[in-house]
Amino acid sequence: MNLLTNCTICPRKCGVNRYKEKGYCGATNKIKLSYYSLHKWEEPVISGTRGSGTIFFSNCNLRCLYCQNKKISLDGYGKEITNKRLGEIILELQGKGAHNINLVTPTHYTPQIKKVLLSVKDKLKIPVVYNTSSYENIGTLMMMRGLVDIYLADLKYFDDSLALKYSGCKDYFDIATMAIDEMYRQVGKYEIDKNNIMKKGLIVRVLILPGHKRDAKEIINYLYKTYGDDIFISIMNQYTPPKECKYPNLLQKVSDSDYEEVVNFALTIGVNNAFIQEGETALESFIPDFDKSIV
Ligand code: SF4
């Protein structure tokens, strides 16, 4: 069955024929990439010493209005490539010493990515990381079973009214938590090698939004009660305010005191496996320069 002719790959369920038109995500039937490189700014067990082989896909099915990668996710910046070229890029990144292949925002291209991963499976010796907003269909994630080793998943909102306001979906928490359950079913408890590099497992990212530290605490509480220390929780302070936004709170950075309060909350409830960002991580230098991209 060709999933692209009546696209219901993600929970938006647009039903469009992507050979002829675009749905909510803005993607056609062809893979579009904006950038790939060895990236050193992921969690330490992902970036290691040599970097994560990061591949940024253009377009997005969630489209948060504050997205720090707006140029590629909302504006669709990038270049269309063939499946064969994606396979070459994956092996090129492996050849450059990447600790893993990190597929960033892959959801809307999963059928194509699955074919590519199957075609390079015999040559690929490093883990595959699926880096997602978690606004995913279970069926789509099940297609990736056995091909993905590490899920690097966001859990963005506890309160669905925030999801509706900022990401245009009213069912985010239920959908995303069911998706994260499926990810955990696939990869189980994490494994980290003697060089402190993750081989398999689940990392859930919690990006604190300005004015919404309570929501972040609810998310952490949910994750810890559900998975304990079988997973890692990455508590992020790198929220980057957009230049314009109709919600004034989103034009602010997250204060140090709010970030500390959320981190202390996590420690107080017993979280051991947390990644915490220190110093000025909310800098634009963390955002790849897509203008210099070469695909
Ligand atoms: S992948 Fe894109 S076209 Fe398909 S259902 Fe999701 S948003 Fe719609």
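All residue numbers in this chain count up from 1 along the given sequence. Computed from a predicted model, the values in this text were never measured in an experiment.
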In Å, rounded to the nearest 0.5 Å, how long is the span from [atom1] of [X] to [atom2] of [Y]?
| X | Y | atom1 | atom2 | answer |
| --- | --- | --- | --- | --- |
| N196 | T49 | CG | OG1 | 10.5 Å |
| L124 | I126 | CG | CD1 | 5.5 Å |
| K217 | F158 | NZ | CZ | 13.5 Å |
| T105 | L62 | OG1 | CG | 9.5 Å |
| L4 | K20 | CG | NZ | 13.5 Å |
| M198 | S52 | CE | OG | 12.0 Å |

So, do [X] and [Y] sit near enough that their side-chain heavy atoms are less than 4.5 Å apart?
| X | Y | result |
| --- | --- | --- |
| T132 | M183 | yes |
| S58 | K79 | no |
| D215 | L209 | no |
| L86 | Y109 | no |
| M178 | I138 | yes |
| T107 | Y130 | yes |
| T110 | K114 | no |
| N237 | I208 | no |

Taking all non-hydrogen atoms of both residues into account, name the closest pair between [X] and [Y] and its distance.
| X | Y | answer |
| --- | --- | --- |
| L3 | M143 | CD1-SD, 3.6 Å |
| L251 | P242 | CD2-O, 3.4 Å |
| G51 | L38 | O-CD2, 4.2 Å |
| K253 | P210 | O-CB, 4.1 Å |
| L117 | V128 | CD2-CG2, 4.1 Å |
| H39 | S47 | O-OG, 3.2 Å |

Do [X] and [Y] belong to the same hydrophobic cluster, where Ile, Leu, Val, Met, Phe, Trp and Tyr are linked whenever their side-chain heavy atoms lie under 4.5 Å apart, directly or via other members?
| X | Y | answer |
| --- | --- | --- |
| L152 | I175 | no |
| I180 | M144 | yes |
| Y66 | L164 | no |
| I219 | L267 | yes |
| I150 | L223 | no |

With side-chain contact (heavy atoms from CB on, under 4.5 Å) as the criterion, how do Y135 and K156 come out once you've worked through the C-alpha distance, each side chain's angles and the decisive distance to 0.1 Å? CA-CA 10 Å; Y135 200 54; K156 288 177 176 291; over 6 Å; no
List in chain and number order the residues that pass side chain to side chain contact (heavy atoms under 4.5 Å, CB included) with A176, two or more places apart in sequence or in another chain; answer none if no residue qualifies. S134, L155, Y172
Residues in side chain to side chain contact (heavy atoms under 4.5 Å, CB included) contact with K115, at least two apart in sequence or another chain: N83
Trace of the side-chain contact (heavy atoms from CB on, under 4.5 Å) decision for L65 with K165: CA-CA 9 Å; L65 49 81; K165 229 163 106 176; over 6 Å; no
With sequence neighbours excluded, what pairs up with K22 under the side-chain hydrogen bond (donor to acceptor under 3.5 Å, both in side chains) test? none
When [X] is tested against each of [options] for side-chain contact (heavy atoms from CB on, under 4.5 Å), which residue passes?
| X | options | result |
| --- | --- | --- |
| I235 | F275, F265, Y259 | Y259 |
| F57 | V104, N131, I113, I72 | I113 |
| I55 | N102, I31, I90 | I90 |

Test log, rule side-chain contact (heavy atoms from CB on, under 4.5 Å), inputs N137 and K13: CA-CA 9 Å; N137 281 344; K13 295 192 169 68; 4.0 Å; yes
Out of Y239, Y157, Y166, which one pairs with H212 under the side chain to side chain donor-acceptor pair (under 3.5 Å) rule? Y166
Under the ring-ring contact (aromatic ring centres under 6.0 Å, His included) test, which residues partner Y190, sequence neighbours left out? F232
Pairs in or reaching into residues 2-11: which pass salt bridge (charged side-chain N to carboxylate O under 4.0 Å, His left out), with residues at least two apart or in two chains? none
Is a donor on one side and an acceptor on the other found under 3.5 Å between the side chain of [X] and the backbone of [Y]?
| X | Y | answer |
| --- | --- | --- |
| D193 | N195 | yes |
| K30 | A27 | no |
| N273 | D230 | no |
| D75 | Y77 | no |

Do E136 and Y151 pair up side chain to side chain, a donor and an acceptor below 3.5 Å, judged on atom types alone? no
If only side-chain N and O atoms count, and only distance matters, is there a donor-acceptor pair under 3.5 Å linking Y24 with N59? no
Using a strict 4.0 Å threshold on nitrogen-to-oxygen distance, state whether E92 and K96 make a salt bridge. yes
Is it the case that more than 12 heavy atoms not belonging to E244 sit under 6.0 Å from its CD atom? no
Taking atom CZ of R50 as the centre, does the number of heavy atoms from other residues, nucleotides or ligands within less than 6.0 Å exceed 12? yes
Which pairs of donor and acceptor atoms, one on a side chain in residues 199-207, lie under 3.5 Å apart (sequence neighbours left out)?
{"unit_1": "K200", "atom_1": "NZ", "unit_2": "V187", "atom_2": "O", "d": "2.5"}
{"unit_1": "K200", "atom_1": "NZ", "unit_2": "K189", "atom_2": "O", "d": "3.1"}
{"unit_1": "R205", "atom_1": "NE", "unit_2": "E43", "atom_2": "OE2", "d": "2.9"}
{"unit_1": "R205", "atom_1": "NH2", "unit_2": "E42", "atom_2": "OE1", "d": "2.5"}
{"unit_1": "R205", "atom_1": "NH2", "unit_2": "E43", "atom_2": "OE1", "d": "2.8"}

Is there a side-chain contact (heavy atoms from CB on, under 4.5 Å) between N29 and N2 once you walk through the steps? CA-CA 10 Å; N29 62 312; N2 188 338; over 6 Å; no
Please determine whether side-chain hydrogen bond (donor to acceptor under 3.5 Å, both in side chains) holds for the pair N272 and Y224, giving the CA-CA distance in whole Å, both sets of side-chain angles, and the decisive distance to 0.1 Å. CA-CA 10 Å; N272 286 312; Y224 191 61; 4.8 Å; no
